[in-house]
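Structure first, then comments.
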Amino acid sequence: MKPTDTKPPEMTDEHTVVSDGLAGGLSNAEDTPGISLGSSRMEKIRRSMLLTILPLVAAMVVGGLFLFALGRDPLAFYATMIHRAIISPSGLQETLIRMAPLLLISAGLIVAFSAGIWNLGGDGQFMLGAALVGGLAASSAEVMPRGLMLVLMLLIAGTLGAVWTIIPAVMKARYGINEIITTLMMSFIGVNLASLLVKVMFLDDRPGIQTPRTPVLDVADRLPTLFGTRVHSGVIIGVVAVVGVHLLMTRTSLGLRLKVLGANVKAAHHAGLGVSQLTIATFLLSGMFMGLAGGVEVLGVQGFVRADWNPSFGLVAVPLVFLARMNGWVTIAFVFLLSVLSIGGELATRDAGLPNQFGLLIVALVLLFMTVAEYFESRRLRGERTVWATMAVRFLSRGDAAGE
Amino acid sequence: MSEALITALLVGAIAASVPLMLAGLGELISERAGVLNVGLEGMMLMGAYGGFVVALATGSTWMGFVGGAVAGGLVSLVMVVLCVRWGLDQIVVGIGILLGAEGLTSLLHAAQFANTYPRLGKAAAPSIPWFSDIPVVGRVVFGEPYMVYVTLIAVFVAGWVLRKTPWGLAIRATGESPEAVDAAGVNVVLVRSLATLSAGVLAGLGGAYLSLVSSGNFIPLMTGGRGFMALVLAMLARGRPIWLALGALLFGFATALTTALQIFGIDIRPEIVNSLPFVVVLVVLTLFGRDDYLPSSLALPYVRGER
């Protein structure tokens with residue numbers, strides 16, 4: 001608390017109370033920089049829990065106000081949501097199943113973001129992987145054993161996802177063209193191409209099908225399920241991918257090189273790193289995970305791709321990974337949280353007769369509140385006062401001056 | 001090509017390009033000031049909803065546009081506080097705004113209009129005695145909804161302001177080097193706040209155009225990716241509003257062409273036509289893209305004394 005050392009003690013208290021209230025009510029023990037720097041691992045975990053749970057509660061309160069205004073019982077809504085997403089066995093399975101594509105997408109984003117590359121074209125890469133697998137899986141299952149078919153399909157999905165990043169990758173590496181524009185453009189083209197693949201090349205043209213879609217992959221041929229539940233092994237693939245990427249970034253020289261690239265491109269050049277090669281490798285790896293996510297979602301859950309299907313997982317995962325600060329473990333926790341919110345939200349809104357986009361509102365509120373909480377926390381750690389604390393201190397000191 | 005077809009094609013092209021122009025213009029201004037507004041789509045959606053509600057209540061299209069602008073502006077205030085004032089990450093907050101707007105407008109729509117589906121009347125267009133009777137030109141040039149002319153004027157005004165006025169200089173300099181602007185005594189936070197606010201207002205107008213003029217009603221998620229398209233167009237326009245308008249017209253033309261060809265029984269997939277402009281742009285970028293231009297401080301928050 002250096003900046004306030006010269007101030008009277010009650011002002012320090014004021015600051016502590018106000019900023020703590022906003023930053024998430026953290027313990028007073030950490031208020032001294034010396035202690036907070038040496039804080040234990042448990043303390044860190046506790047703090048990040050607080051930084052997650054308080055925004056979550058705040059988001060649910062604000063969401064609850066909307067529910068109340070619409071004449072629904074917020075408590076009943078949230079009870080249904082939590083029950084359907086975590087407590088009921090089938091709901092928990094749904095939540096875990098939803099995690100699979102999100103984990104793979106997050107793995108792709110961790111690689112890209114760590115290297116300072118904004119791959120915002122995840123949707124296109126995801127949909128192309130999904131569409132190709134949707135189109136080929138059913139017919140491949142007839143001519144080859146299931147294991148071979150599944151591996152082949154995942155390879156195809158990952159490859160296509162990676163291929164779809166080549167243009168942005170080369171443009172970024174060779175000409176320094178901003179990847180946000182190029183990946184977004186490639187994403188538009190990719191989503192359109194995927195829809196075209198489904199409608200033209202892989203159309204299931206048996207009579208009686210309303211919306212154009214690919215042939216259905218037999219349930220017996222899909223990704224193997226785990227322990228007699230409906231949860232498919234794609235979830236394992238997802239966890240392995242995120243953990244693998246986390247270890248890659250934290251434990252290997254390639255990870256360090258990518259982080260240097262992300263921190264400062266000029267420094268990377270001066271350090272003699274092959275910036276172009278690293279950039280292209282990052283794009284390919286990132287795109288591979290995105291495509292893989294599409295493949296896993298089709299092989300594990302959908303079994304086919306409908307022309308109007310586009311879950312837009314790519315966009316939601318972006319703030320999530322960023323808020324997790326590219327940390328794999330935190331990402332897994334956040335992905336679980338997001339799955340709970342989206343599965344619980346989908347089912348609870350159906351029960352309450354609300355549009356299922358209400359879940360998006362809650363997710364958005366959680367994201368925004370988490371960002372804000374991070375902001376107050378970082379200011380608090382730097383010993384800066386919050387706006388309100390500053391105003392309070394000014395107000396108090398004016399009172400003092402008048403008194404003296 | 002019959003006269004009716006040409007008219008339909010050009011009218012359709014303009015109608016489809018106006019929302020892109022408005023939202024893209026807002027994005028362009030905020031990008032020049034160094035703020036990347038990924039939540040543009042969300043601001044359009046709120047504008048579409050706000051505009052529709054106000055127009056329905058007042059019966060006036062103009063009031064509807066005011067409502068749309070206010071709705072879009074209000075959403076952008078979130079961005080102003082979180083990203084400009086507090087320096088939080090613009091992409092994360094932008095996506096948060098997008099998701100929030102999608103959720104909020106769908107929810108409000110379900111609560112208010114899900115059973116009634118009210119519609120608005122046709123937007124008014126000028127009728128000039130002699131000019132409006134000229135074939136093709138009379139409808140395309142002199143018979144557009146009033147907002148089209150407002151949009152075109154806005155494009156030229158924005159171009160002039162950015163290039164010729166001290167305000168424009170402040171905006172452009174803030175996007176390139178906020179430190180220098182700050183040292184020169186210009187309030188960086190204020191410039192960026194106003195630029196972000198104008199992005200919200202313009203995106204709101206663009207969204208309102210969709211609900212008030214294009215369709216006459218509000219449908220959840222009706223912006224359908226136009227915000228992102230506008231974002232890409234704004235980046236490709238290299239900070240020039242005129243280029244943005246031309247790009248938007250190209251896209252509008254592609255959209256109208258799909259519809260027109262389908263009417264004439266030529267079955268061309270909308271997916272192909274919709275992708276074509278992007279394919280063209282990517283090819284052009286690949287061939288000539290050695291001098292990519294974006295403000296150097298784009299998406300970087302400015303905190304005085306840092307770095």
Side-chain angles (χ1 to χ4, degrees), chain A residues 63 66-67 69-71 118 120 167-168 170-171 174-178 180-182 184-196 199-200 307 315-316 318-320 322-323 345 349 353-372 374-376 379 387, chain B residues 36 38 42 78 81-83 85-89 91-111 114 220-221 225 228-229 231-236 269-279 281-283 285-286 288-294 298-299:
Chain A
F66 280 107
L67 287 169
L70 294 172
W118 287 100
L120 297 187
I167 293 179
V170 171
M171 286 174 131
R174 299 278 307 264
Y175 310 128
I177 292 177
N178 184 297
I180 295 179
I181 328 178
T182 48
L184 273 177
M185 282 197 287
M186 288 302 282
S187 185
F188 278 120
I189 302 173
V191 170
N192 277 315
L193 184 61
S195 151
L196 210 58
K199 282 183 189 164
V200 180
L315 216 52
V316 193
V318 168
L320 209 74
F322 193 85
L323 285 170
T349 45
L354 292 168
N356 65 16
Q357 284 94 358
F358 179 67
L360 284 180
L361 181 62
I362 303 254
V363 171
L365 288 169
V366 172
L367 291 176
L368 290 177
F369 283 130
M370 276 168 85
T371 330
V372 172
E374 284 254 322
Y375 167 72
F376 283 114
R379 287 194 65 148
V387 182
Chain B
L36 178 66
V38 184
V78 176
V81 173
L82 296 188
C83 299
R85 285 198 63 99
W86 294 354
L88 301 183
D89 188 86
I91 295 181
V92 173
V93 172
I95 292 175
I97 286 176
L98 164 66
L99 299 176
E102 285 182 354
L104 189 59
T105 51
S106 303
L107 188 70
L108 292 171
H109 168 80
L221 312 184
F228 282 99
M229 229 175 247
L231 190 142
V232 170
L233 284 174
M235 285 185 150
L236 289 171
R269 297 277 168 179
E271 287 91 355
I272 296 178
V273 185
N274 290 339
S275 306
L276 263 182
F278 285 125
V279 175
V281 166
L282 278 170
V283 170
L285 273 182
T286 319
F288 306 105
R290 284 148 206 264
D291 50 349
D292 164 54
Y293 165 75
L294 281 176
L298 185 62

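Convention: sequence-line order gives letters A, B, ...; per-chain numbering from 1. Every value quoted in this text rests on a predicted model; they were computed, and no experiment measured them.
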Notebook entry, point to check: What part of Leu70(A) gets closer than 4.5 Å to chain B, counting heavy atoms only: side chain, backbone, both or neither?
Noted result: side chain

Check: Using non-hydrogen atoms only, which part of Ile167(A) is less than 4.5 Å away from chain B: side chain, backbone, both, or neither?
Finding: side chain

Check: Which one of Ile95(B), Val38(B), Leu98(B), Val279(B) has the most heavy-atom pairs closer than 4.5 Å to chain A?
Finding: Ile95(B)

Next item on the list: Go through Ile362(A), Leu367(A), Leu354(A), Thr371(A) and name the one with the most non-hydrogen pairs under 4.5 angstrom from chain B.
Entry: Thr371(A)

Item checked: Residue Val200(A) versus chain B: region with a heavy atom under 4.5 Å -> side chain

Notebook entry, point to check: Glu374(A) and Leu323(A): which non-hydrogen atoms are nearest, and at how many Å?
Noted result: OE2-O, 4.2 Å

Notebook entry, point to check: Looking at CG of Leu184(A) and CZ of Phe228(B), how far apart are the two atoms once the value is rounded to the nearest 0.5 Å?
Noted result: 6.5 Å

Check: What are the two closest heavy atoms between Ser106(B) and Pro355(A), and how far apart are they?
Finding: O-CG, 3.5 Å

Check: Name the one of Leu221(B), Leu107(B), Leu99(B) that satisfies side-chain contact (heavy atoms from CB on, under 4.5 Å) with Gln357(A)?
Finding: Leu221(B)

Notebook entry, point to check: Which class fits the ring pair Trp86(B) and Phe376(A): parallel under 30°, tilted 30 to 60°, perpendicular over 60°?
Noted result: perpendicular

Item checked: Atom group of Leu88(B) that falls short of 4.5 Å from chain A, counting heavy atoms -> side chain

Next item on the list: Starting from the C-alpha separation in whole Å, work towards a yes-or-no answer on side chain to side chain contact (heavy atoms under 4.5 Å, CB included) for Val318(A) and Val92(B).
Entry: CA-CA 7 Å; Val318(A) 168; Val92(B) 173; 5.6 Å; no

Next item on the list: Sort Leu36(B) into side chain, backbone, both or neither according to what part of it lies under 4.5 angstrom from a heavy atom of chain A.
Entry: side chain

